[in-house]
Visitor: 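Take a look at the following structure, please.
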Protein chains: 4
Amino acid sequence: VGVSVRVAAGETVEAGSARDRKGSEIEFSRVVAFSDGVFAIAITLLVLALEIPAGLDDLGKAIGDRGDEFFAYGLSFAVIGSLWIAHHRFFANLARFDGPLMVLNLVYLAFVALIPFSSSLLGSYAGETPAVITYAINMVAVSLVFTAQNVYAYRSDLLDEAAEARRAGPLVAESFVIPGVFAASIPLAIVSPDNTPYLWLLMPILLRYFGAKHPGR
Amino acid sequence: VGVSVRVAAGETVEAGSARDRKGSEIEFSRVVAFSDGVFAIAITLLVLALEIPAGLDDLGKAIGDRGDEFFAYGLSFAVIGSLWIAHHRFFANLARFDGPLMVLNLVYLAFVALIPFSSSLLGSYAGETPAVITYAINMVAVSLVFTAQNVYAYRSDLLDEAAEARRAGPLVAESFVIPGVFAASIPLAIVSPDNTPYLWLLMPILLRYFGAKHPGR
Amino acid sequence: VGVSVRVAAGETVEAGSARDRKGSEIEFSRVVAFSDGVFAIAITLLVLALEIPAGLDDLGKAIGDRGDEFFAYGLSFAVIGSLWIAHHRFFANLARFDGPLMVLNLVYLAFVALIPFSSSLLGSYAGETPAVITYAINMVAVSLVFTAQNVYAYRSDLLDEAAEARRAGPLVAESFVIPGVFAASIPLAIVSPDNTPYLWLLMPILLRYFGAKHPGR
Amino acid sequence: VGVSVRVAAGETVEAGSARDRKGSEIEFSRVVAFSDGVFAIAITLLVLALEIPAGLDDLGKAIGDRGDEFFAYGLSFAVIGSLWIAHHRFFANLARFDGPLMVLNLVYLAFVALIPFSSSLLGSYAGETPAVITYAINMVAVSLVFTAQNVYAYRSDLLDEAAEARRAGPLVAESFVIPGVFAASIPLAIVSPDNTPYLWLLMPILLRYFGAKHPGR
């Protein structure tokens, strides 16, 4: 990581060193393609957690007992898919990018790539506090780093002008509601780990409620 | 998923909010690239189901005994490949896309990414009813969601005009023949799980027969 | 597969139905991106065959004993890399593509995606006849299907005109030398499985020799 | 590999045979996409080393005991991410590319794709000399081959003119500091394998120090 920071610093000797998207479309699209690759691989690796060993006596029962694993698969597919759509939208609104944003993006992807691990625990150890907390922490981390990317891009003036005005409302809602709900679910996971994942399913409703309050939209 | 729906809804305040493909080629190509990534990873992960542990006494026999696994590999490679070609064709015919279509596409990909799991069961538990039914259900789900994508795109006027006229015939044939045959194979799998996969191999012939009846082609 | 053949057939009612590359650059690039994805995933999955379980007493010895696995990794990385370069070159020379070529390409990719399996056997069962024969058969299959793609593209007039003249020589050399050497190595693997992989390493020299005889280059 | 070398040789009969980037953007972008694919897959496969088996009695303890595995995950994610950024930068500075550079790039990718293996050893066998040495050797190899790519591109005049002048300083620093530190850590790993990874964490500081001495930047 240091390498990239240093180099980015080397490139920022002159003002206005952030690369313009139009002038370096190939390089910009490589960042996008790399991110998409990580998203696509992470989302497809989720299936490995469903694996059923060969040679069982009662396959029907084994499949029936996988309810928690299928739930974790569906939940995590929806989560990574939503993260990807949000990332897609964020990058579509960038007018420029620079070294620090690339580093933030890598940290972000490191937490995205961790989701198959957290998801596999959530499936195999459904209803156990450490599994639920691990998943919640993974979500808090991924959403906070995404917020950091958004804030950095906004402060460093990397966003499209039209996008900047448009995004203020949703940014606030998503940036605080998502990590907030997952952080709040950590103590809940100690008391009632079985029910915590159902709380997460309320996220779309909460987001709609808080998002709707912003007149800027 | 909720996130994306909400945002898409936010963007659809004005009429005609579906993004035009020409005006947002980069964003369009990201959806395509992400989908292709999931297809390519799912199709390549099929090989993991063939794994032979190290240290066996008689490797020749172990490879010979893998007939069912190789059959499942070939079948599923053909299935995912066909799905990808159909998806490729569908996206080539889109003039516009919007938020709900992206969500449908993610649900579709969730069932595509499940195929390595179903395929691995079909190989390891060849001739067992639960394995055959799991595979058939996976196929029904994937083809119904694909039909939903097609119907949605048609109703929301997202298709190319030329494509719209051209596709009516094959759409009807594929949309009902494929899920219909797989659904019909579920009761068959209870009676004769050994023979059910051979029925699936008749799919191309059935499609050709029903497809040919449509004068619109 | 049937689906695509049928559709391709449906589209070839009129003459000249092969899609021109220039006029459908996005669709062409999807085929390329999908193929590249399969190559990149297959080449990266090779590393899974090196896995060393946790908790061994003598890790140094375990790594030292992996010589055959590292050899198989290096060989297969070079093989898939070479196949990718050849595929890259082949697609760069295409002026048009059509449905049957896409189906041939999928069959080709099915054998490419099988290489991590064959390679893992070659590493774990080094010097055993069934492992060496499996690898050789995989190579014969992959090179014959690639030859079929080349021949089909040539006969169906899908190649660039300049490319067509230029490629005649190398095509003949590669099309017969590579599958020929691998096919010839199958009986050798019965007599001397230990030495067969070294024969394969002579391939570049053989190719240079036969390739050089063609005056067309 | 031989195949590609031969073909590249075939193409270099006339002087100036390196392909110009502008004139073959699609082919250039395939090399980039393939490399990005390998990077993205290798970085995402790191998560497999964290796997916790199902059915343990005390999941909380098992997660707590994974400190070394999480450290290896974070370190290797940062390493592959930095390598990718450097590769990204290198390719952004290329004006042309040719066959030998593609072969060097494949050898480079073979060592990148090996990192999940080395990283998994570093996590499972933390503090054991063979694991630390394996990781260090992997890093020496990857950085030396990257230096070779840089030197080859510079000598064969494949770089952008502006890039050439700009890069001299950092090239020297990175080319010798990174492999040097990793090579120097090999004897240290014999004496104190526990502490060696912490030395690696000093890399960004060392690079900044040596990089800063070059007036050319």
Visitor: Give the ring-plane orientation class for A:His87 versus A:Phe146, where under 30° counts as parallel, over 60° as perpendicular and anything between as tilted.
Guide: tilted

Visitor: Test your reading of the model: is there a side-chain donor-acceptor pair from B:Ser119 to the backbone of B:Pro116, 3.5 Å cut-off?
Guide: no

Visitor: Examine whether an atom of A:Leu48 lies under 4.5 Å from a heavy atom of chain B, and if so say whether it belongs to the side chain, the backbone or both; otherwise answer neither.
Guide: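 It is the side chain, since no backbone atom gets that close.
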
Visitor: Ring centroids only, cut at 6.0 angstrom: are B:Tyr125 and B:Tyr135 within range, meaning strictly under it?
Guide: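 When the ring centroids of B:Tyr125 and B:Tyr135 are compared, they turn out to be at least 6.0 Å apart.
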
Visitor: Looking at chain A, which one of B:Ala110, B:Ser35, B:Ala113 has the largest number of heavy-atom pairs inside 4.5 Å, strictly under?
Guide: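 Looking at each of B:Ala110, B:Ser35, B:Ala113 in turn, B:Ala110 comes out on top.
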
Visitor: Heavy-atom cut-off 4.5 Å, strictly under: side chain, backbone, both or neither for A:Ile41 against chain B?
Guide: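 It is both, since atoms from each part get that close.
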
Visitor: Would you mind telling me which of A:Ala54, A:Pro53, A:Gly37 has the largest number of heavy-atom pairs within less than 4.5 Å of chain B?
Guide: A:Ala54

Visitor: Does any N or O in the side chain of A:Ser143 come within less than 3.5 Å of the main-chain N or O of A:Val140, such that one atom is a donor and the other an acceptor?
Guide: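 Pair found, side chain donor or acceptor close to backbone of A:Val140.
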
Visitor: At a 4.5 Å cut-off on heavy atoms, which part of B:Ala49 comes close to chain A: side chain, backbone, both, or neither?
Guide: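 Contact with chain A involves no heavy atom of B:Ala49 at all.
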
Visitor: Is it the backbone or the side chain of B:Leu121 that comes under 4.5 Å from a heavy atom of chain A, or both, or neither?
Guide: side chain

Visitor: Got a donor-acceptor contact below 3.5 angstrom from the A:Asn138 side chain to the A:Phe111 backbone?
Guide: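 Side chain of A:Asn138 to backbone of A:Phe111: a pair is present.
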
Visitor: Flag the one option from B:Leu109, B:Val112, B:Asp36 with the top tally of heavy-atom pairs under 4.5 Å to chain A.
Guide: B:Leu109

Visitor: If only atom types and distance count, is the side chain of B:Arg66 paired as donor or acceptor with the main-chain N or O of B:Glu51 below 3.5 Å?
Guide: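 Yes, B:Arg66 side chain to B:Glu51 backbone: donor-acceptor pair under 3.5 Å.
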
